[in-house]
> 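Handing you this structure, nothing more for now.
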Protein chains: 2
Amino acid sequence: MMNLSYIHRMPRFTHPRLEDVPLDLALHALADSNRLAIVARLAAAAGLSCSNAAPCDAPVPKSTLSNHLKTLRAAGLIETTQSGREMINVLRRDEFDRRFPGLLDAILANNAV
Amino acid sequence: MMNLSYIHRMPRFTHPRLEDVPLDLALHALADSNRLAIVARLAAAAGLSCSNAAPCDAPVPKSTLSNHLKTLRAAGLIETTQSGREMINVLRRDEFDRRFPGLLDAILANNAV
DNA sequence: TTCATAGTTCGGGAATATTGAACTATTGAA
DNA sequence: TTCAATAGTTCAATATTCCCGAACTATGAA
């Protein structure tokens, strides 16, 4: 019998190449106040678990939060890796900036409270 | 009997004050390839009727086009005025730039084919 | 008038988003 | 080892939004 237990250690998430991300998909991911808040928090931190990346105001259900992070992942904005039982999210800042120069800067600058 | 015919000459569209437009609404309006194409055309023209503002590739049904323009209007991106039987659309560039400095520039610069 | 043009609005089906509930995986403690 | 707690995903049902054909309104021209 083959030992298949290793598959549980396979990477859980797929991350797109930035060159495959169209502008409208990136903008769509950022066109939501909760996701904007998440990106803003990640921009100011080295890496955050899902619950730590969540916007502090407006409590978001965890399934909703998970979906928001999936949307950001699909747009090439964040990379998620497992660490213990937490999923650590990191902003793919350099790659995103190379793909869309100046875009994230402009958006974050305009996201001030 | 009151003469009510004048109401047909009332302004047809309402345009938001830019300070009332939240960032996520503006991004949402721009997070669509057809609407991006419309904005790009308006950025390069003084004023365009709805059908002239339509993206040249991908033919868009006129009701869909009308809704796209309504979305852009609600986000403070365009101003629409009637001229004869055409509706002339103008990009509210200065106002939008004052509200969201650098945002439209960054988006249009990244919208190049 | 009447016709054609330029668009808006309405309504229903298609596509997306939200979220409670069930589930998986990991850690720590008994 | 087991058991419970934690951190998150996935599923499925509901809610919302979007798309677009059809009907409608307004204007200009014949």
Side-chain angles (χ1 to χ4, degrees), chain A residues 3-15 22 24-38 41-42 47-55 58-75 78-90, chain B residues 3-15 24-25 27-38 41-42 47-55 58-75 78-90:
Chain A
N3 176 5
L4 264 56
S5 66
Y6 72 91
I7 64 172
H8 298 305
R9 297 173 207 281
M10 296 298 280
R12 216 181 269 278
F13 305 113
T14 58
H15 298 93
D24 60 342
L25 183 69
L27 289 176
H28 170 81
L30 293 163
D32 176 277
S33 61
N34 282 320
R35 290 194 294 265
L36 269 178
I38 293 170
R41 289 175 73 95
L42 289 175
L48 295 173
S49 69
C50 298
S51 42
N52 284 336
V60 177
K62 61 181 182 173
S63 58
T64 303
L65 176 61
S66 183
N67 279 322
H68 283 321
L69 292 166
K70 182 194 273 189
T71 297
L72 293 173
R73 210 148 46 224
I78 65 172
E79 182 182 354
T80 307
T81 53
Q82 185 166 1
S83 167
R85 64 187 136 180
E86 294 185 335
M87 308 295 163
I88 301 299
N89 301 282
V90 177
Chain B
N3 176 6
L4 265 57
S5 65
Y6 73 91
I7 65 171
H8 298 305
R9 297 173 205 280
M10 297 298 281
R12 216 180 269 279
F13 305 112
T14 59
H15 298 94
D24 60 342
L25 183 68
L27 290 175
H28 170 81
L30 293 164
D32 174 278
S33 61
N34 282 320
R35 290 194 293 265
L36 269 178
I38 293 170
R41 290 174 72 96
L42 289 175
L48 294 173
S49 69
C50 298
S51 42
N52 283 336
V60 177
K62 62 180 181 171
S63 58
T64 303
L65 176 62
S66 183
N67 279 322
H68 282 321
L69 291 166
K70 182 194 273 189
T71 298
L72 293 173
R73 213 177 293 130
I78 65 173
E79 182 182 355
T80 307
T81 54
Q82 187 166 0
S83 167
R85 63 187 136 182
E86 292 186 337
M87 309 294 164
I88 301 299
N89 301 283
V90 176

> Would you mind reading off the distance between A:D32 atom CG and C:dT16 atom P, rounded to a whole angstrom?
16 Å

> Please report the distance, rounded to the nearest Å, between CG in A:L48 and P in D:dG8.
10 Å

> Side chains of B:T64 and B:N67 only: does a donor on one sit below 3.5 Å from an acceptor on the other?
no

> CG of A:L25 versus P of C:dT16: gap in Å, rounded?
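In whole Å, C:dT16 P lies 12 Å from A:L25 CG.
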
> Between B:D24 and A:A31 (side chain of the first, backbone of the second, donor and acceptor by atom type, cut-off under 3.5 Å), is there such a pair?
no

> Name every residue in residues 61-69 of chain A that has at least one heavy atom under 4.0 Å from any atom of DNA chain D, in order of residue number, or write none if there are no such residues.
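Contacting residues: A:K62, A:S63, A:S66.
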
> Expressed as a whole number of angstroms, how long is the span from B:H28:NE2 to C:dA17:C1'?
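These atoms are roughly 12 Å apart.
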
> Expressed in angstrom and rounded to an integer, what is the separation of B:Q82 atom CD from C:dA6 atom P?
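It works out to 13 Å between those atoms.
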
> Rounding to a whole Å, what distance do you find between B:M87:CE and D:dG28:P?
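Distance, rounded to whole Å: 11 Å.
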
> How many angstroms lie between SG in A:C50 and CD1 in A:I78, if you round to the nearest 0.5 Å?
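Interatomic distance, A:C50 SG to A:I78 CD1, rounded to 0.5 Å: 7.5 Å.
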
> Take atom CD of A:E86 and atom P of D:dT6, then tell me their distance rounded to the nearest Å.
13 Å

> Is the backbone N or O of B:N52 less than 3.5 Å from a side-chain atom of B:R41, with the two atoms forming a donor-acceptor pair by type?
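Yes: the side chain of B:R41 pairs with the backbone of B:N52.
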
> Among C:dT8, D:dA26, D:dT9, which nucleotide sits nearest the side chain of A:R73?
D:dT9

> In this structure, how many angstroms lie between the P atom of D:dA7 and the CZ atom of A:F13, rounded?
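These atoms are roughly 15 Å apart.
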
> If pairing requires Watson-Crick or G-U wobble contacts with both distances under 3.5 Å, which nucleotide is the partner of D:dT17?
C:dA14

> Ignoring hydrogens and geometry, is there a side-chain-to-backbone donor-acceptor pair from B:Q82 to B:G84 under 3.5 Å?
yes

> Taking only residues two or more places apart in sequence, or in another chain, which ones meet A:H28 in a side-chain hydrogen bond (donor to acceptor under 3.5 Å, both in side chains)?
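side-chain hydrogen bond (donor to acceptor under 3.5 Å, both in side chains) list for A:H28, sorted by chain: empty.
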
> Taking the side chain of A:R85 as its heavy atoms from C-beta onward, which of D:dT9, D:dG28, C:dG28 lies nearest to it?
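Side chain of A:R85 sits closest to C:dG28.
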
> Any donor and acceptor pair, going by atom type alone, linking the side chain of B:H15 with main-chain N or O of B:T80 inside 3.5 Å?
yes

